[in-house]
Structures are given as structure tokens and as C-alpha cells.
Amino acid sequence: MKTHSPAWFAKQEARLEEPLKNTVRYYGKSATVKICTGILAIWGIVQLVRLRKYIYNFSNLTTDYMNKGRAVTNDGAPGAGKTFTGANVAYFLALEQWEKLKSEYFTQRTMVSQWLKNGDTDKLETFKAIEESYLFFKEREGSFIPCLVTSIPLREYGTGRMSYVLDRKMFLQKERTAENSVFFNDESGSDQGADTSKTTNKDLLAFWRLPRHFFDGMFVNTNQDGNQNAIYMRRSTDFVSHIFGQEWLMEPLKLQWRYTRKERRYYKRLQRGKLSAQRAEYIGQELYYLKKYIATIGFRRIKSQLLTTKGVAIGDVDTTILPAIGGVQYDDRAYRKQYKCKDKPIKMQGWDKLIIEELDTSEFDQEIKGESKA
């Protein structure tokens, strides 16, 4: 019986690790075919221009998103895209910060002898902080994403590297944090040493004042409603980005249609018993990877409005372009287990009383039979 080889599985898994490349390959090939064959050539050119435009917007998203600030809090309704946007903006910011940190380290270390000669102690102290941070992130670069510290576990596509964990205990420390760190704090203000949106804990207030003013880094936070954001978090926020919602751009409709047709045919053959167990498994595996692959193609457009922390609008409604599934992935179930519900069983009220049985339709069937006789 024909089965998929280990090499085939490896190829499918590798393809899922390249979301942006999948989009470029899929639409690039489609547009090239249109142009070369002369069929719908104009539409092929439009497709390529649109693809290049979205990639350009995505590549420059971090500069526009932060609006030259160092701390932004996303708020909005559930499902609007706060966590997806915040996690990915923080990730791409961290990549930029890592390049900046490397540049600062390699250029400034050439000046150390000169600063020692001139007695420039302030510049030497600055370089010392940069050196410590660079060496810390560099030593762990193979396993962890440099400069990215998050409250939910983020995994990088392509490499499998994880983000550093934003430990809740960190909010009570007063030590200097690593230079060029980008903190992504999902659901800020909850379970961080404060029971409500207000706190008078001096240690918490001191912590947020310290990194906000005495290190070169950034904060990206999310919150269900800006009015509930904790005071100590507000003091570190330059702007609030209200997320209105998200939509899928360059959706692979033709490929989706092909998948739906294959899936329906697969289910019909299963129900009619025309597939052996081995054959059903073989086709099902292909459908599984095809569905996963489709989800990696395209872009997300997130609409948002930049506000001051007091709710005053800044500029017009803006859009942020991101790859369909971003550059990092997160699992909310893992988040709940690791942070929100650690060492606590998840209890659902009334779950033990939920009994699912077959519906007794005998009375209904008798009525139908009676009507048919009549």
C-alpha cells in the first residue's frame, strides 16, 4: 500500500515554516503564468504590483506603528487582532533592535581606548550596558529570539526559536533590564501584582519608571479596554492603538475552492465505504497539509486608530499589513497553562452534568406516520 515517505512529511512541515515565501511563490507563479501566456496579462501585472506593495508596507510596519514612540498599548474588542498584531509587531521590532544592538556594540567598542584616555566615564558606562546585553543575547541566539521578551510563549517560524519569558516577578524588581529589549505584554494590568486597574505598590511604579527612562528598549502591550489599563502600565505608554478589526488580503480563493472540492469528495467516498483505512489515511494527510498551507498565503490588514493615553485621536485611521500568520506563532492554550492557570485545573461549571444522549424521536416518528396514512 502506498504511503507518504518521511521526506514528504519533512517537506510539508518545512513549507509551513515559510508563510511569507509561500505567498510570494504562489502569487508570483500565478502572475508569471498570466503574463507569459498572454492570458489575463494585465491582471498578472496588477497582481505582482499589489504583492510588492503589501510586502513593502509589511517591511516598514514597525516604524509607522510605533509613531516614533517607545511604548504602545493595543486595545479593542475580543478578536479584533490585538494579540496577533502586538505579538508580531514586537517580534519585528525585536529583529530591528537586535541589529541596532549589534551595530552599537561593534562600533562603540572601537572607541573604548579613546574614552579611557579621555576619562569619559559616562560613555564607558553606556558601552558596558550595551556589551552586557549583546553578549547575553548572542550567547543564546541559537535557541531564543534576541531582544524579544513576552508574556505569552512565541515561537519563530523557520527556526523554532522561542521568545524570552516575561516573568511576573520582573514587575517587582528594580535592577536594570537588558538594553534594546522589546517587551510584549499581553493583557497588561492583569495578574501582575495588582488586583485592579489601580495600584499604589511603589515597587511596581518604580519598575516601570526605571526601564521607561533608563534603558533603550520598547514596550508593546494589549488590553481589552484602555480605561482598564493599570496605572503603572499607563506610565510607560506613549500611545494607545485602538484596533478596529482585521481582514484577509490576497486570499487564495481558487486554491480554497480546490481544497473544498477534494474534501467533499473525500467525505463522500468515506461514507460510502469506498476507501480502505490506509487509503483514507493517505488522502487525509494530503488534505491536512493543504489546508495548513492555504492558511499561510496572503496578508492581514489591521485597521487601527492611534490615540493619546487620554483618548484623543492622533491622525486618521491607519492600516497595518502583516503576513497571513505573521512571523511568530503562539498557542493560547499553552499561555493559559503556563501563566494564567499554572498548577490549577481548568474547571467548567456544569461540565460534569452535561450528558449527551441520542434524541428519542419515537413520538415524532408516529406523528409523521399518522400524517402519511392520512
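Predicted, not measured: the structure shown is a model, and the values here were computed from it.
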Step by step, would you call Val328 with Tyr157 a side chain to side chain contact (heavy atoms under 4.5 Å, CB included)?
CA-CA 6 Å; Val328 287; Tyr157 285 109; 5.6 Å; no

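- Classification of the Tyr289-Trp8 ring pair by plane angle, with boundaries at 30° and 60°, yields perpendicular.
- Residues satisfying the side-chain hydrogen bond (donor to acceptor under 3.5 Å, both in side chains) criterion with Trp115, sequence neighbours excluded, are absent altogether.
- The pair Glu131-Lys128 fails the salt-bridge criterion, with no side-chain N (NZ, NE, NH1 or NH2) lying under 4.0 Å from an Asp/Glu carboxylate O.
- For the pair Arg265 and Tyr267, the NZ or CZ position fails the cation-pi test of under 6.0 Å to the six-membered ring centre and within 45 degrees of the ring normal.
- Contacts of Lys100 classified as side-chain hydrogen bond (donor to acceptor under 3.5 Å, both in side chains), with partners at least two apart in sequence or in another chain: Asp216.
- When every heavy atom of Glu156 is checked against every heavy atom of Glu17, the shortest pair comes out as O-OE1, 4.1 Å.
- The side chain to side chain donor-acceptor pair (under 3.5 Å) contacts involving residues 291-302 comprise Asn22-Thr296, Gln246-Arg300, Glu247-Arg301, where partners must be two or more places apart or lie in separate chains.
- Between Phe137 and Tyr164, the ring centre distance stays below 6.0 Å.
- Side-chain atoms of Gln47 and Trp43, non-hydrogen and from C-beta on, do get closer than 4.5 Å to each other.
- When the shell of 6.0 Å around CG of Asp316 is examined, it contains 12 or fewer heavy atoms from other residues, nucleotides or ligands.
- In the model, Gln278 has no side-chain atom that pairs as donor or acceptor with a side-chain atom of Tyr282 under 3.5 Å.
- For the 3.5 Å distance criterion, the side chains of Glu104 and Tyr134 fail to qualify, holding no donor opposite an acceptor.
- With respect to Glu18 and Arg25, a salt bridge is recorded, a charged nitrogen being found less than 4.0 Å from a carboxylate O.
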